[in-house]
Amino acid sequence: MNKLEQEISKRRTFGIIAHPDAGKTTLTEKLLLFGGAINKAGAVKSNKIDTATKSDWMEIEKQRGISVATSVMGFEYKDLKINLLDTPGHQDFAEDTYRTLTAVDSVVMVIDCVKGVEQQTEKLMEVCRMRNTPVICFINKLDREGRDPYDLLDEIEEKLDIQVRPLTWPIGMGKTFKGVYNLFSKNLLIFKPSKQQLTAEGIEIKDLSDENLNKNVGDTLADQLREDVELIEGVYPELDKEEYLSGKVAPVFFGSAINSFGVKEMLDTFINISPQPKERSTEERIVKPNEEKFTGFVFKIHANMDPKHRNRIAFVRICSGKFQRGSSYLNVRHDKRFRFSNATAFMAQDKETVDEAYPGDIVGLFDTGNLKIGDTLSEGEKGIYKGIPSFSPEIFKEVINKDAMKTKQLDKGLTQLMDEGVAQLFTFEMGARKVVGVVGNLQFEVIQHRLKNEYGASCEFAPMNLYKACWFSSNDKKKLDEFVKSKYRHIARDKDGKMVFMAETKSWMQMVEDNFPEIEFHFQSEF
Ligand code: G4P
């Protein structure tokens, strides 16, 4: 193994996904504590935007600040360099989460044992499945009266369409929660509620008939555990690492993040089985991480909090070779080289200047408007990395310029905010009307506020009756032209100039699909 390969084999880059309130922030904090990256609980700030304060601009700005600080948290654990990528909790910023998921090699999914699989989790899982991202599940809050563990496993299989394999099993729940049994190492972990202590002590019980089990958890729960383990070992085949790596099977852990319980078991398994940085496809070929030449792509852009300086931080996932600060790299979209003398690495909550970085790492590059989400940077490679899809937004509003003197500023501001991925802009072919599409209303407020503050432009948003924006394709060029001609009034262009059909209602969409069977409609930009 050469130096580059050694560095790659040490990297694990992953994200934690969860429905808000399931315990993502708490789990993140515990992982950082294990890694020694922080030394007390309470240090990690939630990136949640409280709905009660959602129209409070200071709150949003504050949140934006927090989310830069905690966007990437690097820590070391057992000689591995782990990069944890944070995903926005608020569903109005779901697009940001989808994009972050393109930069990770695996995910940990947190599920609240009281609430089970929630809506946001289902959506996030869909994104993971598009890329066969390996998933580990952590079922949280076992100290609360939750749902039956078998029901939870069935629900994961059913709603998330992935097979499960429990690796720990809970003994009791809520008031009677006694701990978990590690099915793999055959260890019993006794639960002692504590927000401070980091690990529970394991009691080895190689043979479940051991009387020690009864002594620790009582006769009823001991018998129940024996029954459960027999059933689980009978029903679920042994975990096959390859199946996990291909995203087919998710290992499942039970625990209580706030009590640091069951977290270490998950982390230890994670470092054993989770994938190191993998090869990735550009439009031209597959690039291996151990290729000497540097390549990477921008998956997130964050504007400076100071409105006087319109500079931004672009987050780049390194895919191959070694990144070196001060080198000039090709921005494939512009076919132009740029020198990046200001590069930042993220360690827990600190940012520090980084001189070199390896595949799996994320570096923050200082940018003055040359970079855009999805951009590929390279030492010469000409292909663009695939895989940052846009999804059809849910809510559409037309942009109304309120200050004709500031039209230029408005256009520039809109373009730059769209490059950052704040929302999606569609421009109608007819009349060049501009429509902004978002996942949640909060995004409109952010756009309006930022256009005013950072660009001095005023706009309003007029509601539009639109159901979906969908991309379309066909093998039959003639039919495609016919379709565009007949629906010209409803055709717009997305940020990349791709044509999009703006459907007004669901039933109309259905009708159009029936009337144009040769046209394929897609609800995301990559097909
Ligand atoms: P999120 O980032 O996924 O949105 O969730 P977060 O970690 O902020 O956790 C949401 C709430 O759940 C928090 O309570 C947190 O303390 C609690 N929590 C996390 N893990 C556990 C657990 O294992 N057991 C129990 N019982 N609760 C847990 P909160 O009241 O919203 O906030 P706080 O005031 O406690 O910080």
Side-chain angles (χ1 to χ4, degrees), residues 11-20 22-24 27-28 31 71-72 82-91 93-112 116-140 152-153 155-165 167 239-253 266 269-270 273-281 297 299-300 315 317 319 360 362 373-374 385-392 421 439 522-527:
R11 301 287 193 284
R12 298 290 181 278
T13 302
F14 79 110
I16 301 185
I17 57 177
H19 190 91
K24 180 169 68 75
L27 182 66
T28 300
L31 295 174
S71 279
V72 183
I82 300 177
N83 295 311
L84 199 180
L85 273 56
D86 194 26
T87 51
H90 197 290
Q91 63 177 17
F93 298 106
E95 280 266 324
D96 214 25
T97 301
Y98 302 154
R99 286 189 292 257
T100 299
L101 291 180
T102 65
V104 302
D105 298 306
S106 69
V107 303
V108 167
M109 181 190 302
V110 187
I111 291 172
D112 182 329
V117 176
E118 293 171 90
Q119 177 208 356
Q120 187 71 355
T121 321
E122 278 183 68
K123 257 188 134 162
L124 293 168
M125 187 62 202
E126 260 174 52
V127 180
C128 292
R129 235 190 337 261
M130 279 167 60
R131 322 171 46 81
N132 300 324
T133 309
V135 179
I136 291 179
C137 285
F138 184 80
I139 299 187
N140 192 26
L152 288 166
L153 294 181
E155 191 176 65
I156 295 173
E157 291 207 325
E158 207 175 285
K159 285 200 177 160
L160 302 181
D161 195 16
I162 188 165
Q163 288 168 41
V164 294
R165 182 20 158 140
L167 292 186
L239 178 72
D240 177 339
K241 190 173 158 186
E242 289 313 311
E243 293 212 319
Y244 154 71
L245 289 175
S246 59
K248 290 199 188 87
V249 176
V252 179
F253 292 83
M266 185 200 67
T269 305
F270 170 83
I273 64 172
S274 65
Q276 62 183 59
K278 286 183 284 197
E279 57 189 30
R280 279 169 185 260
S281 306
F297 66 89
F299 65 94
K300 182 183 177 94
F315 289 77
R317 148 89 197 207
C319 300
I362 310 298
I373 280 176
Y385 276 106
K386 294 200 288 193
I388 303 208
S390 300
F391 293 85
S392 176
V439 180
H522 315 272
F523 292 103
Q524 49 149 316
S525 64
E526 254 181 37
F527 39 85

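- Rounding to the nearest 0.5 angstrom, the gap separating the CZ atom in R129 from the CG atom in L160 is 7.0 Å.
- Looking at heavy atoms from C-beta onward, H19 lies out of side-chain contact with D112 at the 4.5 angstrom threshold.
- Judged by distance alone, the side chain of R280 and the main-chain N or O of Y385 form no donor-acceptor pair under 3.5 Å.
- A distance of 8.5 Å separates CG in L85 from CZ in R317, rounded to the nearest 0.5 Å.
- Here the shortest heavy-atom pairing between L152 and G116 reads CD2-CA, 3.7 Å.
- For the pair M266/L31, a side-chain contact is recorded, criterion being any heavy-atom separation below 4.5 Å from C-beta on.
- A heavy-atom distance below 4.5 Å is found between the side chains of F14 and L84.
- Side-chain contact between P134 and F270: absent, with no pair of heavy atoms (C-beta onward) separated by less than 4.5 Å.
- Closest approach of I111 and C137 over heavy atoms only: CD1-SG, 4.4 Å.
- Side-chain contact check for L124 versus M109: every heavy-atom pair is 4.5 Å or farther apart.
- Put simply, NZ on K300 and OG1 on T100 are 5.0 Å apart, with the number rounded to the nearest 0.5 Å.
- Scanning both residues, V439 and E95, for their nearest heavy atoms gives CG2-CG, 3.8 Å.
- Between atom CE of residue M125 and atom CG of residue L101 there is a gap of 10.5 Å, rounded to the nearest 0.5 Å.
- Scanning all heavy atoms of the two residues, the minimum distance from C128 to I17 falls at SG-CD1, 4.0 Å.
- Looking only at distances, a side-chain donor or acceptor of E155 sits under 3.5 Å from a matching main-chain atom of V117.
- The shortest non-hydrogen separation linking P251 to Y244 is CD-CD1, 3.6 Å.
- Side-chain contact between N132 and S246 is absent, with no heavy-atom pair separated by less than 4.5 Å.
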Trace of the side-chain contact (heavy atoms from CB on, under 4.5 Å) decision for I273 with I136: CA-CA 10 Å; I273 64 172; I136 291 179; 4.2 Å; yes
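- Taking both residues in full, the closest heavy atoms of R11 and N83 are given as CD-ND2, 4.4 Å, listed atom of the first, atom of the second, then distance.
- The closest donor-acceptor contact from the side chain of R99 to the backbone of G421 lies under 3.5 Å.
- Atom CD1 of I162 and atom CD1 of I156 lie 9.0 Å apart (nearest 0.5 Å).
- Distance check, rounded to the nearest 0.5 Å: CG of L239 to CD of Q163 gives 11.0 Å.
- We find that R12 and D105 are not joined by a salt bridge, their nearest charged nitrogen and carboxylate oxygen being 4.0 Å or further apart.
- In this structure, the side chain to side chain donor-acceptor pair (under 3.5 Å) partners of R165, at least two apart in sequence or on a different chain, are E233.
- Of the possible donor and acceptor atoms, one in the side chain of T87 sits under 3.5 Å from a partner among the backbone N and O of I16.
- Using a 4.5 Å heavy-atom threshold, the side chains of V249 and D240 count as separate.
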